[in-house]
Amino acid sequence: MATVTNAGSSDIRDPGLAGKGALRIEWAAAEMPVLALIRERFQREQPLKGVRLSACLHITTETANLLTALKDGGADVFACASNPLSTQDDVAAALVRLHGIPVFAIKGEDGDTYYRHIRAALDHQPQITMDDGADLVSEIHKNRNDLFETVIGGTEETTTGVVRLRAMAAKDVLQFPIMAVNEADTKHLFDNRYGTGQSTLDGIIRATNVLLAGKNVVICGYGWCGRGVASRARGMGASVVVTEIDPTRALEAVMEGYRVMPLPEAARIGDIFVTVTGNVHVLDKPHFEAMKSGAIVANSGHFNVEINIPALEAMATGRRQVRDFVEEFVLPDGRKIFVLGEGRLINLAAAEGHPAAVMDMSFANQALCAEYMVKNAASLVAQVYDVPKEIDHEVARLKLRSMGIEIDTLTAEQQRYLESWEEGT
Ligand SMILES: NC(=O)c1ccc[n+]([C@@H]2O[C@H](COP(=O)([O-])OP(=O)(O)OC[C@H]3O[C@@H](n4cnc5c(N)ncnc54)[C@H](O)[C@@H]3O)[C@@H](O)[C@H]2O)c1
């Protein structure tokens with residue numbers, strides 16, 4: 001592929017990594033057949049022709065396939081990272097040099113750089129925002145109200161982003177429509193569960209090389225991500241403990257065969273802790289005080305607030321980096337606690353994020369929602385919309401087709417039966 005040089009004033013680690021990134025993007029593409037079909041149609045129909053789109057997503061090989069599909073559909077795309085540790089620098093280089101997509105993202109960037117990059121993506125004057133955690137929308141509402149005129153709407157990838165955006169809508173602050181991609185069944189039932197399940201353990205294992213068999217693995221939060229992590233940890237021989245605050249979800253975990261108990265109790269027996277709640281300070285000082293020496297703590301929820309690292313820092317008498325993505329904190333009584341990936345989502349910090357086969361569905365929803373937003377801009381108001389069922393079903397249908405799996409259809413008699421109320425026993 002020829003080098004493209006018109007990628008504006010990108011800020012990436014090293015353009016020289018583009019070749020490596022291109023190969024990895026190609027590798028992911030092979031597992032993204034649904035997005036490939038959408039790309040082909042986008043190339044023909046140009047539904048996003050001339051639309052300026054700023055994406056704040058994890059800069060991974062899967063995201064690269066989404067961004068290039070959007071570009072193939074006519075969009076004028078800028079991208080920045082949705083987490084300081086999730087950028088794959090070779091992918092950023094390939095996007096800039098080989099696809100002409102301006103990218104503002106460097107793995108390990110500090111907080112100031114992270115927000116400078118978000119502002120750079122917004123300088124593109126987007127008509128569509130594509131968020132993973134609502135940072136673009138939040139920044140527009142806090143500091144870039146001038147963009148209210150320009151933005152026709154946005155899409156949101158993750159649970160935490162949807163929670164933030166619903167809070168904005170409830171407080172009448174939200175100024176433009178949002179499509180909550182996370183709420184599609186073909187997103188959270190698969191990406192959050194199987195994607196986070198597999199890649200979170202991948203991140204923990206790559207960072208530590210620890211054996212999961214025989215370990216007490218404590219999962220805080222039994223939502224879509226939590227049940228994925230729990231089932232994969234059990235599959236590798238761990239003894240899984242679940243902590244929850246929602247009685248129904250706790251009950252589901254019990255009936256799935258996991259031990260459920262309050263976190264102060266679990267803190268005493270856990271070897272490995274994983275937070276996936278979307279909440280703040282779930283693992284906190286009293287839990288660190290109770291933990292065994294050698295306990296490993298990791299987070300796979302969206303923000304790095306689930307583990308109260310400042311509290312642990314204040315308790316510690318010493319700290320050192322013992323491996324990539326593993327920091328040791330020594331407590332006054334000599335116990336050691338190991339924090340992975342600075343408490344940032346460990347599947348993206350220490351591994352490569354979700355496998356492409358699952359991001360295929362999430363990003364098919366993203367692409368189709370961007371198209372939907374452009375087509376329906378005139379009728380959408382400033383609220384958070386679920387993904388239309390037609391889009392959700394279409395993604396499932398295409399994914400099944402790509403897997404060579406066929407399913408049944410209702411007979412006319414069955415259809416009539418389901419629509420009637422007169423027939424009983
Ligand atoms: N790592 C990734 O790649 C990735 C992927 C998808 C989602 N996420 C993020 O993971 C988080 C969880 O997402 P989800 O889709 O599973 O959400 P969810 O709402 O389905 O589940 C969260 C669960 O945590 C529970 N919870 C809340 N506070 C708790 C506490 N103090 N202790 C124990 N449990 C508590 C809730 O009751 C709920 O059952 C979000 O921040 C989401 O954005 C990360």
Side-chain angles (χ1 to χ4, degrees), residues 56-60 62-63 81-83 85-86 131-135 156-166 180-185 187-204 218-232 241-254 256 258 260-267 270 273-284 286-287 298-308 340-341 343-356 358-359 361-363 365-366:
C56 178
L57 300 171
H58 303 300
I59 305 296
T60 63
E62 295 78 20
T63 300
S82 56
N83 185 288
L85 272 190
S86 65
D131 256 320
D132 185 335
D135 279 346
E156 173 51 54
E157 171 76 6
T158 198
T159 315
T160 284
V162 173
V163 169
R164 291 177 89 186
L165 292 157
R166 289 214 170 110
V181 168
N182 184 72
E183 304 308 273
D185 286 343
K187 199 283 182 179
H188 64 267
L189 291 181
F190 302 91
D191 168 318
N192 301 30
R193 182 163 41 172
Y194 305 113
T196 312
Q198 177 170 319
S199 62
T200 297
L201 295 187
D202 185 16
I204 292 171
V218 178
I219 316 288
C220 304
Y222 195 67
W224 293 109
C225 294
R227 59 192 71 192
V229 181
S231 87
R232 270 44 189 158
V241 174
V242 167
T243 73
E244 251 297 343
I245 46 96
D246 178 316
T248 312
R249 286 192 156 176
L251 192 56
E252 277 187 278
V254 171
E256 199 52 48
Y258 300 117
V260 175
M261 61 184 78
L263 187 49
E265 228 173 281
F273 295 81
V274 185
T275 52
V276 262
T277 67
N279 209 340
V280 70
H281 295 174
V282 175
L283 281 177
D284 212 339
H287 312 118
N299 167 52
S300 212
H302 187 75
F303 286 120
N304 63 334
V305 294
E306 301 209 17
I307 304 170
N308 189 350
L340 306 191
R344 299 191 186 278
L345 8 80
I346 193 60
N347 60 331
L348 284 139
E352 295 172 64
H354 294 2
V358 86
M359 293 315 293
M361 291 187 279
S362 309
F363 285 167
N365 276 293
Q366 283 283 7

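Just so you know, these numbers come straight off a predicted model, no measurement behind them. Whatever order the structure lists ligands and atoms in, that order sets their numbers, starting from 1.
- At a 3.5 angstrom cut-off on N or O pairs, N347 counts as close to ligand 1.
- Geometrically, ligand 1 and W224 share a nitrogen or oxygen pair separated by less than 3.5 Å.
- In this structure, R164 does not pair ionically with E156, as no charged nitrogen and carboxylate oxygen lie closer than 4.0 Å.
- In terms of protein heavy-atom proximity, atom 30 (C) of ligand 1 is closest to I245 CG2, 3.8 Å.
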**Evaluation steps, side-chain hydrogen bond (donor to acceptor under 3.5 Å, both in side chains), between N182 and N192** = CA-CA 9 Å; N182 184 72; N192 301 30; 3.2 Å; yes
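- Considering backbone and side-chain N/O of N279, one or more are found under 3.5 Å from N/O of ligand 1.
- Using a 4.5 Å heavy-atom cutoff, the side chains of E157 and M359 are in contact.
- Contact annotation for T277 and ligand 1: heavy atoms of both the backbone and the side chain come within less than 4.0 Å of the ligand.
- Protein heavy atom nearest atom 31 (N) of ligand 1, with residue, atom name and distance: V282 CG2, 3.9 Å.
- Checking only distances, D191 never comes within under 3.5 Å of ligand 1, N or O to N or O.
- Below 3.5 Å of separation, one finds an N or O of C225 facing an N or O of ligand 1.
- Under 4.0 Å from ligand 1, not a single heavy atom of H188 appears.
- Protein heavy atom nearest atom 20 (O) of ligand 1, with residue, atom name and distance: R249 NH1, 3.0 Å.
- Across the listed options R193, E244, H281, H302, E244 owns the non-hydrogen atom lying nearest to atom 25 (C) of ligand 1.
- Side chain of D185 to main chain of L189: no donor-acceptor pair is present (N/O by atom type, distance under 3.5 Å, no hydrogens or angles).
- Taking only nitrogen or oxygen atoms, main chain and side chain alike, E306 does not reach within less than 3.5 Å of ligand 1.
- Distance from atom 5 (C) of ligand 1 to its nearest protein heavy atom, with residue and atom name: T196 OG1, 3.3 Å.
- Across L85 and G341, no two heavy atoms sit closer than the pair CD1-O, 3.7 Å.
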